[in-house]
Each structure stands twice: as C-alpha cells, then as structure tokens.
Protein chains: 2
Amino acid sequence: MADEVADEVQPKRRQARGERRMAQILDASAVVIARTGYERATTIAIATEAGISPGSLYQFFRNKKAIAEALADRFVTELGAAHRSAFDSTDFAAIPLDEVLDRIVDPIVAFNIANPGFKALFARPDMPEGLTDAARPIQAALLDRIEAMIAVRAPELPEAERHRTARVGINLFQALIPLVVATEEAERPLMVAELKKALRGYLGPVIG
Amino acid sequence: MADEVADEVQPKRRQARGERRMAQILDASAVVIARTGYERATTIAIATEAGISPGSLYQFFRNKKAIAEALADRFVTELGAAHRSAFDSTDFAAIPLDEVLDRIVDPIVAFNIANPGFKALFARPDMPEGLTDAARPIQAALLDRIEAMIAVRAPELPEAERHRTARVGINLFQALIPLVVATEEAERPLMVAELKKALRGYLGPVIG
DNA sequence: GAGTAACGCGACTGATTATTCGCAAACGAT
DNA sequence: ATCGTTTGCGAATAATCAGTCGCGTTACTC
C-alpha cells in the first residue's frame, strides 16, 4: 500500500519511431481498458493489442500505472479542448437556455462518442491511487465554468445554491452520457434531446 | 475466458452455526467489496473481516465468485422489497407529482444509504461475468413499474416515448444517488431535494 | 561505415492471491 | 459416551501477472 513519491522527471531522448510506438501503446491501452477496465487490462493484452512484446512496453513507460496516467493526460488535454470550444467566445447572458445547452452539450457529447476509453478510465473506480486526480483539475475547471455561466444568468442566486446546482447539473449530464453513447447511432439524436430536456427541466427554473 | 456452465445445485446440510457463518461472511464481503471493489477484495481480507480463516470460506462457498453472487442475491432481495414498498399500494393517478416522487425516491435512497456495498457490487466493472446479470431482472422490474406509473398519469403518451422517458428517468435517478450518498449527513436532505427537483424538471412536462 | 544509443524481443523472476489439503475441534443424533 | 458429519484452521499449492534481463537489431551521428 505504501506509495512511492516523486515519480516524474527523466525525459529521455527518443527517436521518431519511439514517439510513434508510445502513441500506439496509448491507443492500444485505451482499447483494452475500455474493454476490460484497468485492473483486468493485463500488460500482455495491451502489448498484444499494440502488436509488440510485453518487454517493449517498459521501454517507454515505467510501469502499468504510468501507461494509464499518460492515457489520462491525453484524454484530459483533448477534453480540455472540447471544454474550451464549448465555453469560450460565447456570451451566455445573451442567448436563450436552449442554445446555451446546445453549445455546451454537443461538443462534450461528441468527445465522449469519439473516445470510448475515456469513461472507462475516469468513471471506473478500479484504478491506482492518484489516477482519478488527473481528472480533478479539469472537473474543477468545468465546475467553475458552469458556475460562471449560472452566475451570469442568475446573478441573485446565493453562492452555495449556485455551487450545488452546478454540481448536480454536471452529475446529471455525466450520468446520461453513457446512455447516449450506448444508444445506437440512429436513435442517438433522440437521446441527446432527452438529455437536454433533463438539463432544461432542472436548470430552467433557476436560469431559464 | 471459458466460463463453466451449470454451477448451482448441491444444497448441503448445515448446522445453525454454519448459517450464521454464511451471513457473517456476506456481511464481511459487503464491507470489503464496498471498500475496495471486487477484484481487490482478497479472500484473506474477507476472511479477516469476518474473523475466520481463509480456508473456512470454502466450507460455505465454492469460490470467490460464489460469495459475490450470494451477496448480490441478498441485495437483490432487499432491493426488491424496497421497490415493492415504494410502488405497491399507491394510486399514482390520484396524487400530485411531488408526492409520487416522495413515495418512490425516499425508500430507494434509504436503501442505498443503508447498503453502501450495493453500488460497489453492481456499478463496478471489475466483476466476474454474469454477476451484473443478477441485477437485470430487478432493473427490468423497476423499469416496468416506472412505465406503468407513467402510463397511468399520461395515458396518451406513445409507448416508445414512455419507454424512453422511463429509461432516462431511472438513469437520472441512479446517477444522482451516489451524490446523495456521498454527501455528509447534515447536507443530505438538500441533495435529496435537488434529486427530486431534477426528476420533477424532467418528468413534470410529461406527467405533471 | 563505425560507434553509440534507442528499440525490440520473449523467457525469466518475484510477488500476490485464489484454492486445496490434511488434520483437529465441535456438534448432533443415538 | 460414541460415531459420522460439519466446522475450523493455516500451511502448501498453483496460477496469474507486473516488471526485469540479456542479447540481438535498427537507426541516428560523425
């Protein structure tokens, strides 16, 4: 149970081939982790999926946890971009609620559909200590953005209530995402519509 | 990956002492699984928590998976009771929506608070094949009950839409449950209120 | 084109953990 | 009290899997 401290550092010189291998390994681990979860994702399965030998994994990553962390970093970066595209350069005071929801929901739904490994990595509890931490900053940032959006549209709402509303709203959103992703493509727009209905129903009385 | 078929049967004669031990073991496994998840719940940890030796576990359960299955059965039984107490002997056509929500939400929330191991067992992906299956019948039953409730209050709603509304409503509920459970006791009523707000917001336009 | 470092392999090692085994103690019926 | 069964133990066993090692290959650098 005793966890090591100070694991980072040591950039190490790489060839272009190596960079490609690392990306390949991350792709493979996303697939395997999405399929089985972290605990059951064996290093051999990841290596096989990547088409390399198990020993080669350790040429690029210190251990299994480091692979998951690198994958998490990659997701966090991409999700951050999705968030920015959802929130930046939008004046949330000036548009109707339905459009607010469209602007926020659509890009994040798109991200989740495009990255099925994402949920597996962050939403599942069978991971090494500190891996969920990687997602914390971006979750916090999302919470801040939602709170700011609420504050703009309902300035008189007490802070505690605003905070709680944002938290519940995010949870609600995250809860329905799996349902949307699991729905076959043809039905998906209907599910997205339901998701927005749920958000509108909850947020409408406050920031409608 | 090859799974055994036909595992059940073989009731075996037991002393009263043995029955008590089995209950003890299930209690212990609920605690350990709630704490660590199924994969990380070692048989030694379960035995220690139960105050017995690892060998003794196998006097009562064929293997680790059988323990989880027995625990799942127990939860399913208790949850079924919670559902019945929520749905039976209530005329959903005759009462306002807020009361409908109270009647349904409160007992299920209470069950989840009283059984922290429940979520760990069913919501986590690190479980033996077929364990999630144990929960399927009861989920299906819940879906039916919710659909019936909606049908009573909104008879003109097309079936497909009724079905989708029920599914989304259940997901929404299940999503916010962890938030309620994780909230410290003093704040909990506020979170339950938020949960009901979310449900009212989503269901209100349909069955309000 | 020689030297050096990165890359690649797959068998091996060490630790962990589910399960078994042999034996002893406690029960329950007669 | 006595016999057969259930219960109880904890050391031994066997499987799995993360991570290592030694050695060969490939790619840059000069």
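Numbers restart at 1 for each chain; the letters A, B, ... are given by sequence-line order, proteins then strands.
- For S53(A) and dG8(C), a side-chain-to-base donor-acceptor distance below 3.5 Å is absent, hydrogens and geometry of angles not being considered.
- Note on T42(B): only backbone sugar-phosphate atoms sit closer than 4.0 angstrom, heavy atoms only; bases stay farther off.
- Between the P atom of dC17(D) and the CG atom of N63(A) lies a distance of 17 Å, rounded to the nearest Å.
- Summarising the geometry, the separation between CD on E19(A) and C1' on dC7(C) is reported as 13 Å, rounded to the nearest angstrom.
- Residue R21(A) places at least one side-chain N or O closer than 4.0 Å to OP1 or OP2 of dG8(C).
- Residue G18(B) is in sugar-phosphate contact alone, with no base atom involved, counting any heavy-atom pair closer than 4.0 Å across all strands shown.
- Here S56(B) does not reach the OP1 or OP2 of dT7(D): none of its side-chain N or O atoms lies under 4.0 Å away.
- The ring pair (Phe, Tyr, Trp, His ring centres under 6.0 Å) search around Y202(B) returns none, not counting sequence neighbours.
- Which of dT20(C), dG8(C), dG19(D) sits closest to the side chain of Y58(A) comes down to dG19(D).
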Quiz prompt | salt bridge (charged side-chain N to carboxylate O under 4.0 Å, His left out) evaluation trace for E49(B) with R35(B) | solution = CA-CA 12 Å; E49(B) 176 75 31; R35(B) 190 161 54 219; 3.6 Å; yes
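- In this structure, NZ of K65(B) is placed 18 Å from C1' of dT17(C), rounded to the nearest angstrom.
- Remark: D102(A) pairs with D106(A), K196(A) by the side-chain contact (heavy atoms from CB on, under 4.5 Å) rule, at least two apart or across chains.
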Self-check item: side-chain contact (heavy atoms from CB on, under 4.5 Å) between E194(B) and L179(B), worked out
Solution: CA-CA 10 Å; E194(B) 293 300 305; L179(B) 210 54; over 6 Å; no
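- You'll find the side chain of R153(B) reaches within 4.5 Å of the side chain of L97(B), heavy atoms only.
- Annotation: cation-pi geometry satisfied between K64(B) and Y38(B) (NZ/CZ under 6.0 angstrom from ring centroid, within 45° of ring axis).
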Do any N or O atoms of the protein come closer than 3.5 Å to N or O atoms of nucleotides 23-30 of chain D, and which pairs are they?
none

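- Across all strands, I52(A) comes closer than 4.0 Å only to sugar-phosphate atoms, never to a base (heavy-atom distances).
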